[in-house]
Amino acid sequence: MSQSPQAAPVITIDGPSGSGKGTISRAVARALGWHFLDSGALYRAVGVAAVRGGADLADEQALARLALDADIRFEDRIDSEPHVWLGDEDISADIRTEEAGQAASKVAAQPAVRAALLAKQRAFQVAPGLVADGRDMGTIVFPEAELKVFLTASAEERARRRHKQLSEKGITAILPALLREIEERDLRDRTRSVAPLVPAHDARTIDSTTQSIDAVVAIVLAWAAPLKR
Ligand code: DC
C-alpha cells in the first residue's frame with residue numbers, strides 16, 4: 001500500500017485473543033478521537049453471511065465472492081463493540097457467538113477471502129486517524145502504519161481472563177481445558193501459512209500479563225503523541 005504524505009495516520013494493534021487488544025484499541029481510539037477498525041468483526045460478519053447463505057466454508061472462490069459482494073456495514077461506536085449490519089439486519093449479537101467464531105476462523109484461513117477484505121479494511125483509513133485491531137494489521141493490511149503495537153500476555157493469564165469472562169456470563173469452564181485450547185490456537189495461528197500471527201519487524205511489543213488496561217493504554221498514547229495533528 002502506498003500512502004501519500006497526507007494520508008490519515010494509522011496505529012495497528014495486533015495480538016492473540018485475550019491479550020486485551022480489543023479493549024485497548026477502543027480506549028486508544030476514544031482518547032485520540034480517531035476511527036476504529038475491529039477486523040475480527042469483519043471476518044466474523046463474513047462467517048455469518050456464509051453460514052446464512054449456505055456457502056461451503058471450504059470453497060475459497062465462493063467465499064471470496066461473498067466477502068466482496070456481501071453488504072456488510074459497520075457503525076463506528078467507540079464506547080462499545082461496533083454495530084454490524086448485513087443488508088438490513090443488525091447482526092451485532094450474531095457475530096459474537098461461538099458458531100460465528102468458528103466460521104470466522106475457517107473463512108479467515110482462505111487467502112482469497114483475506115485478499116477480498118483488504119480494500120474494505122483500508123477504507124477505514126480516514127482523517128483524523130485510525131486505530132486498527134487484528135492479527136495482521138501491521139504486517140499486511142497497513143504495512144506503512146506510523147505506529148505498530150504487538151500486544152501479548154502469557155497463555156495462563158489469557159486463560160484466566162477468558163475464564164473470568166465466561167463465569168461473568170454464567171458459563172462454567174475448566175481452566176486447564178481453556179489453557180490447552182489457547183495454547184493449541186496460538187500454535188495454529190503462529191504457524192499458518194496465510195497471514196500468521198507474528199509481530200511486524202517494526203512493531204513495539206507490550207506484555208500485558210501484569211499490567212492494567214489503563215497502564216497499557218497510557219503507554220500506547222505516549223507513543224502516539226507525535227502522530228496527533
Ligand atoms: O479477534 P476475533 O476473535 O474477533 O477474530 C475472529 C476470527 O478472525 C479469528 O479466527 C481470527 C480471525 N482474524 C484474522 O484472521 N485476521 C484478523 N485481522 C482478525 C481476525
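In this text, all values refer to a predicted model and were calculated from it rather than measured experimentally.
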Taking [Y]'s backbone N and O only, do any of them form a donor-acceptor pair with [X]'s side chain (distance below 3.5 Å, no angle check)?
X	Y	value
Ser154	Thr209	no
Arg44	Ile95	yes
Gln165	Arg161	no
Glu75	His83	no
His163	Ala173	yes

Over all heavy atoms of both residues, which pair between [X] and [Y] is shortest? Give the atoms and the distance, please.
X	Y	result
Ala155	Glu183	CB-CG, 4.0 Å
Leu221	Ala31	CD1-CB, 3.7 Å
Val113	Glu60	CG2-O, 4.4 Å
Ala64	Ala116	O-CB, 3.7 Å
Leu63	Leu57	CD1-O, 3.4 Å
Tyr43	Ala108	CD2-CB, 3.6 Å

Any pair with a residue in residues 187-197 that passes salt bridge (charged side-chain N to carboxylate O under 4.0 Å, His left out), sequence neighbours left out, goes on the list, sorted by first then second residue, please. none
Counting only heavy atoms not in Leu166, do more than 12 fall under 6.0 Å of its CG? yes
Per the side chain to side chain contact (heavy atoms under 4.5 Å, CB included) rule, which among Asp94, Ile91, Asp38 passes with Val84? Ile91
Looking only at the aromatic ring of each residue, does the gap between the centers of Phe36 and Phe124 stay below 6.0 angstrom? no
Any Lys/Arg nitrogen of Arg158 or Glu181 sitting under 4.0 Å from an Asp/Glu carboxylate oxygen of the other? no
Is it true that Glu157 and Arg160 make a salt bridge, defined as a side-chain N closer than 4.0 Å to a carboxylate O?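 Counted as a salt bridge, because a side-chain N and a carboxylate O are separated by less than 4.0 Å.
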Indicate yes or no: at least one non-hydrogen side-chain atom of Ile13 is less than 4.5 angstrom from one of Met137. no
Going by the side chain to side chain donor-acceptor pair (under 3.5 Å) test, which pairs reach into residues 10-21, not counting sequence neighbours? Ser17-Arg185, Lys21-Asp133
Does the side chain of Asp214 pick up a donor-acceptor pair with the side chain of Ser212 at under 3.5 Å?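 Note: Asp214 and Ser212 side chains miss the donor-acceptor criterion.
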When you look at Ile206 and Thr152, which way does the side chain to side chain contact (heavy atoms under 4.5 Å, CB included) test go after all the steps? CA-CA 6 Å; Ile206 303 175; Thr152 63; over 6 Å; no
